[in-house]
Trainee: 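Before anything else, here's the structure in question.
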Amino acid sequence: MTAAYAGPSFTSRVSSALYLHPKLLLTLLLAPPLLWLGVLYLGSLFSLLLQSFFYIDEFSGNIVREFSLATYEQLFTHANADIFMRTTLMAAAVTIAAALIAFPIAYYMVRYASMKMKAVLYLAVMLPLWSSYLVRVYAWKLILAKEGMVTWFAGKLQLTWLLDAVLAIPVIGGPSLSISYIGSFLVFLYIWLPFMILPIVAALERVPASLTEASADLGATPKQTFRKVILPLAFPGVVAGSIFTFSLTLGDYIIPGIIGNSRPFIGQAVYQLQGTAGNIPLAAAFTIVPIVIMTIYLTAARRLGAFDAL
């Protein structure tokens with residue numbers, strides 16, 4: 001006696017339905033990351049924005065959950081404006097210096113280095129990222145200290161006078177490199193430099209060698225080829241790297257807390273306000289500032305066509 005046909009299994013029916021409805025399959029695949037992005041990331045940002053419109057009652061010290069612009073009035077005081085200016089200028093200085101240092105390194109890696117040398121350079125760029133962030137920062141604190149390696153090396157070269165002259169510069173100087181904006185700048189530059197080098201390397205590797213050959217055939221000098229062919233095509237990589245270096249410097253609070261003076265950056269202000277001071281609305285308002293700055297920066301970069309070749 002022939003057994004009755006049970007029909008296709010549940011797994012087969014589901015597979016057939018997904019095959020016949022590719023949009024449904026795409027929706028199911030994208031649902032988990034979109035939920036993560038929409039609920040956890042964008043939801044937390046919305047919550048942050050919402051709390052920035054609350055304020056602290058001066059008498060009780062409690063958070064008043066009513067819509068008000070009182071917190072933003074506190075945000076734009078002279079002392080807080082100094083924090084914004086200080087952080088933004090540091091982020092811009094680190095980004096510009098990182099681009100100036102990273103581009104020649106990346107250009108040599110792509111255009112002139114042999115395969116063996118390229119591997120060595122890649123390892124040199126990536127190796128610092130394999131160690132602890134805090135270990136690297138504290139190592140730099142010892143290097144830049146008054147009794148550290150830099151001071152010792154300057155003494156051996158009879159350049160102590162030059163180091164003292166640099167430290168005597170108003171605003172950016174200090175008692176030692178580890179207690180100055182110069183020290184903070186050097187550590188920021190060291191920590192974030194790989195994030196500038198790698199995007200530029202990726203951009204330069206996408207520039208066809210035939211374009212430079214064609215430029216030379218048409219009579220362009222090497223400088224003209226670099227300025228009018230290579231640099232415009234590699235510019236998206238510089239922009240991509242600058243997004244990393246600028247935004248990471250803008251939000252970092254560990255390096256300014258270990259290297260530098262007592263004047264806070266945005267990240268330190270947020271940490272102190274939501275922790276020690278317990279002023280969560282003002283801390284939330286402070287976090288809106290880097291978001292606004294990065295939004296303006298990305299919009300300007302997009303209008304300049306920096307993302308077209310990414």
Trainee: Gln268 versus Pro256: any side-chain heavy-atom pair under 4.5 Å?
Mentor: yes
Trainee: Could you measure the distance from the CE atom of Met117 to the CE atom of Met109? Nearest 0.5 Å is fine.
Mentor: 11.0 Å
Trainee: Give a yes or no on whether Ile191 and Trp130 share a hydrophobic cluster (residues Ile, Leu, Val, Met, Phe, Trp, Tyr; joining criterion: side-chain heavy atoms under 4.5 Å apart).
Mentor: yes
Trainee: Check whether Ile172 and Met85 end up in the same hydrophobic cluster, where Ile, Leu, Val, Met, Phe, Trp and Tyr are linked by side-chain heavy atoms less than 4.5 Å apart.
Mentor: no
Trainee: Can you tell me how far the CG atom of Leu45 sits from the OG1 atom of Thr287, to the nearest 0.5 Å?
Mentor: 8.5 Å
Trainee: Could you tell me which non-hydrogen atom of Tyr55 sits nearest to which non-hydrogen atom of Ser68, and how far apart they are?
Mentor: CD2-CB, 3.5 Å
Trainee: Strictly distance-based, threshold 3.5 Å: is any side-chain N or O of Arg86 a donor or acceptor partner for the main-chain N or O of Phe265?
Mentor: no
Trainee: Can you tell me if OH on Tyr122 sees more than 12 non-hydrogen neighbours from other groups inside 6.0 Å?
Mentor: yes
Trainee: Would Leu193 and Met126 show up in the same hydrophobic cluster when neighbours are defined by side-chain heavy atoms closer than 4.5 Å?
Mentor: yes
Trainee: Looking just at side-chain N and O atoms, do Arg136 and Tyr190 make a donor-acceptor pair shorter than 3.5 Å?
Mentor: no
Trainee: Give the minimum heavy-atom separation between Pro199 and Gly237, together with the two atoms involved.
Mentor: CB-O, 3.5 Å
Trainee: Under 4.5 Å between any side-chain heavy atoms of Leu163 and Thr151, yes or no?
Mentor: yes
Trainee: Check the pair Asn80 / Val289 against side-chain contact (heavy atoms from CB on, under 4.5 Å), numbers first and verdict last.
Mentor: CA-CA 11 Å; Asn80 292 335; Val289 175; over 6 Å; no
Trainee: Identify the heavy atoms of Trp140 and Ile259 that sit nearest to each other, and give their distance.
Mentor: C-CD1, 4.3 Å
Trainee: Please step through side-chain contact (heavy atoms from CB on, under 4.5 Å) for the pair Leu211 and Ile230, ending with a clear verdict.
Mentor: CA-CA 9 Å; Leu211 290 181; Ile230 296 176; over 6 Å; no
Trainee: When you compare the side chains of Asp252 and Tyr133, does any donor N or O come within less than 3.5 Å of an acceptor on the partner?
Mentor: yes
Trainee: Below 4.5 Å, heavy atoms only, C-beta onward: do Pro290 and Ile266 meet side chain to side chain?
Mentor: yes
Trainee: Within a strict 4.5 Å, meaning less than it, do heavy atoms of the Val270 and Tyr253 side chains meet?
Mentor: no
Trainee: Which heavy atom of Ile258 sits nearest a heavy atom of Lys141, and at what distance?
Mentor: O-NZ, 3.1 Å
Trainee: Does Ile96 share a hydrophobic cluster with Ile296, counting links as ILVMFWY side-chain heavy atoms below 4.5 Å and allowing steps through other members?
Mentor: no
Trainee: Evaluate the side-chain proximity of Leu273 to Ile280: yes if any heavy-atom separation is below 4.5 Å, no if none is.
Mentor: no
Trainee: Can you run down the side-chain hydrogen bond (donor to acceptor under 3.5 Å, both in side chains) pairs that involve residues 98-113, sequence neighbours left out, and say none if there aren't any?
Mentor: none
Trainee: First locate atom NZ of Lys118, then atom CG of Leu123, and finally report the distance between them rounded to the nearest 0.5 Å.
Mentor: 15.0 Å
Trainee: For the atom pair OG1 (Thr71) and CG (Leu69), what is the distance rounded to the nearest 0.5 Å?
Mentor: 8.5 Å
Trainee: Could you go step by step and tell me if Phe246 and Met294 meet the side-chain contact (heavy atoms from CB on, under 4.5 Å) rule?
Mentor: CA-CA 8 Å; Phe246 190 83; Met294 285 307 302; 3.3 Å; yes
Trainee: Are Leu134 and Leu127 connected, step by step, through hydrophobic side chains (Ile, Leu, Val, Met, Phe, Trp, Tyr) whose heavy atoms are closer than 4.5 Å?
Mentor: yes
Trainee: For Thr225 and Ser215, indicate whether the former's side chain and the latter's backbone hold a donor-acceptor pair under 3.5 Å.
Mentor: no
Trainee: Supply the atom-to-atom distance His78 NE2 to Asp82 CG, rounded to the nearest 0.5 angstrom.
Mentor: 4.0 Å
Trainee: State, to 0.1 Å, how close Gly219 and Gln224 come at their nearest heavy-atom pair, and which atoms those are.
Mentor: O-OE1, 4.3 Å
Trainee: Could you check whether Phe84 and Phe286 have their ring centres less than 6.0 Å apart?
Mentor: yes
Trainee: To the nearest 0.5 angstrom, please state how far the CG atom of Leu189 sits from the CE atom of Met90.
Mentor: 10.5 Å
Trainee: Is Gln74 close to Asn279 at the side-chain level, that is, under 4.5 Å between some pair of heavy atoms?
Mentor: yes
Trainee: Are there more than 12 heavy atoms of other residues, nucleotides or ligands under 6.0 Å from atom CH2 of Trp161?
Mentor: no
Trainee: Any non-hydrogen side-chain atom of Lys146 less than 4.5 Å from a side-chain atom of Leu177?
Mentor: no
Trainee: Return yes when atom CZ of Phe226 has more than 12 non-hydrogen atoms of other residues, nucleotides or ligands closer than 6.0 Å, and no otherwise.
Mentor: yes
Trainee: Quick check: closest heavy atoms across Leu204 and Ala234, and the distance to 0.1 Å?
Mentor: CD2-CB, 3.5 Å
Trainee: Would you call Leu282 and Ile56 a side-chain contact if the rule is heavy atoms closer than 4.5 Å?
Mentor: no
Trainee: For Phe67 and Phe54, run ring pair (Phe, Tyr, Trp, His ring centres under 6.0 Å): C-alpha distance rounded to whole Å, both residues' side-chain angles, the deciding distance at 0.1 Å, then the answer.
Mentor: CA-CA 6 Å; Phe67 183 86; Phe54 300 154; 8.9 Å; no
Trainee: For residues 236-250, which residue pairs pass the side-chain hydrogen bond (donor to acceptor under 3.5 Å, both in side chains) check, not counting sequence neighbours?
Mentor: Thr95-Thr245, Trp192-Thr249, Ser242-Tyr297
